[in-house]
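FYI, side chains are in, hydrogens and waters are out, and symmetry mates aren't considered; it's all heavy atoms of this structure. Heads up: numbering here begins at 1 and tracks the sequence. Whatever order the structure lists ligands and atoms in, that order sets their numbers, starting from 1.
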Amino acid sequence: MKTVKFGGSSLADAKRIKKVCDIILSDPDRRIVVVSAPGKGENAPCKVTDMLIETASAALDFGATKARILMDKVAARYYDIACDLGIPETGERIKTDLYALLDRDKADRKNFTDRVKAAGEDTCAKLVAAYINSLGHKAVYANPGEFGMLLSDEFGNATVLGKSFALLKKNLSKIDGIAIFPGFFGRTEKGEIATFPRGGSDTTGAILAAAVNADVYENFTDVDYVYSVNPKLVKNPKPIKVVTYREMRELSYAGFNVYQEEALLPIYRAGIPVNIRSVNNPLCPGTHIVARREDGDTGTRISGIASNSGFTSLFVAKYLMNREIGFGRRLLSILEDEGISYEHTPTGIDDVTVILRDSFLTNGALDRIIERIKAELLPDGINVVRDLSLIVVVGEGMKHGIGIAAAATSALSKAGISISMISQGSSEVSMIFAVKSSYADDGVRALYEVFFEGN
Ligand code: ASP
């Protein structure tokens with residue numbers, strides 16, 4: 001059995017929804033389907049979720065008239081889709097339900113906003129189920145709250161509760177036909193609607209796949225494959241056919257924007273393979289994310305190269321640091337006190353460098369950290385380098401190869417790029433190079449040439 005998820009751009013209008021339904025109906029194993037809210041499309045410049053967020057804040061801050069004007073646009077969009085799908089009576093019901101949302105209790109802002117936001121996915125699921133039924137096939141709209149998608153009460157940032165998995169499994173197994181499940185939200189134990197962070201339909205799909213122990217979690221988007229490098233940097237980059245969860249996690253960390261990282265967790269734990277594929281080219285096999293791969297699966301030991309900007313390095317030196325017990329702990333606890341999570345800590349004998357994300361270094365945090373390091377750790381020197389990017393070369397096959405670091409550093413040196421930091425964990429699934437951000441794109445291209453084009 002397959003759990004399948006469709007993203008918002010694949011559901012932007014009736015034409016695309018029809019294509020999605022063809023894909024669902026073309027494989028009888030596609031029995032649990034998760035849908036996002038309609039995204040941007042040819043004649044739709046906005047994502048429905050963004051429109052609903054705007055509507056909710058208008059209802060909270062500017063009153064009923066403004067909110068109603070904004071809701072008119074959402075209702076019209078769904079109504080038009082319903083009419084184009086030949087199910088106008090569903091469109092009428094949808095309109096009534098959407099306007100009713102504006103009359104809900106507004107005492108708790110976040111709670112109200114989540115309820116309105118969730119309507120994007122909820123309405124889309126009702127529409128898809130109704131359309132499939134109109135074609136003479138059996139589909140059932142699955143209400144997340146009723147089916148057991150229980151979430152923490154962190155509105156807008158909810159996480160799934162452990163007990164959901166058994167409930168979902170039990171309730172989904174009773175469905176006769178295809179389950180059409182709205183992504184992105186669930187219900188708290190008090191019965192309120194709560195949403196995951198943005199992009200959370202991926203999470204819903206992963207939870208359902210894990211709950212029913214699906215054979216595969218198919219994630220349909222609008223690209224044929226995940227590519228080994230950002231296609232904006234390299235023309236016709238090689239597609240990734242098979243990649244492991246660990247590799248995908250490293251690539252996402254370094255900027256691959258294919259998948260919500262947290263979303264992988266339930267399927268990673270359950271060992272369920274993910275297949276990322278395209279609605280526009282459903283016969284293309286797409287990218288498979290699996291627990292293990294052979295080096296030969298991609299024809300190379302490296303599966304991808306990515307880079308991410310916005311890092312700062314903090315270098316701290318002190319003579320005989322290596323003998324000072326607790327130095328590292330005290331340094332990291334200063335960061336902890338500031339609520340900062342560090343990224344990497346390469347060390348020398350008498351020095352340590354901490355790589356930090358700039359997004360944590362706001363409101364004078366860096367100055368406070370430096371002052372405390374000076375006062376509490378009495379270092380001989382501190383040096384801060386800002387504006388760094390991390391280039392990450394990822395590949396499970398790296399550990400079996402000799403000379404990969406040599407090939408990478410020589411490619412960067414030939415491109416005239418100075419490396420500020422190199423890090424390779426003993427898992428040997430990635431190699432990380434910090435470079436000045438202005439060199440990052442050239443660095444990625446140089447590494448791509450050496451590892452994928454054999455230059
Ligand atoms: N519609 C939601 C968003 O735009 C959730 C999703 O698409 O995954 O973030």
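- Atom 5 (C) of ligand 1 has its closest protein heavy atom at Glu121 OE2, 3.3 Å.
- Close contacts between ligand 1 and Arg198 involve ligand atoms 3 (C), 4 (O), 9 (O) [criterion: under 4.0 Å to a heavy atom].
- Arg31 and Met1 make their closest contact through NH2-CE, 3.8 Å (heavy atoms, listed as atom of the first residue, atom of the second, distance).
- Between Phe184 and Phe196, the distance separating the two ring centers is not shorter than 6.0 angstrom.
- In this structure, a donor-acceptor pair under 3.5 Å is absent between the side chains of Tyr227 and Asn236.
- With hydrogens and angles disregarded, a donor-acceptor distance shorter than 3.5 Å links the side chain of Ser228 to the backbone of Lys238.
- Atom CE of Met421 and atom CZ of Phe311 lie 9.0 Å apart (nearest 0.5 Å).
- Within the structure, the closest approach of Gly199 to ligand 1 falls below 4.0 Å when heavy atoms are considered.
- Residue-ligand proximity, Ser36 to ligand 1, at heavy-atom distances under 4.0 Å covers atoms 6 (C), 7 (O), 8 (O).
- With a 4.0 Å heavy-atom cut-off, ligand 1 is reached by the backbone of Ser201 and by its side chain too.
- Which parts of ligand 1 touch Lys47 is read off a 4.0 Å heavy-atom cut-off, strictly below it: atoms 4 (O).
- Close to ligand 1: Gly200, with a non-hydrogen atom less than 4.0 angstrom away.
- Atom NZ of Lys106 is separated from atom CG of Leu60 by 7.5 Å, given to the nearest 0.5 angstrom.
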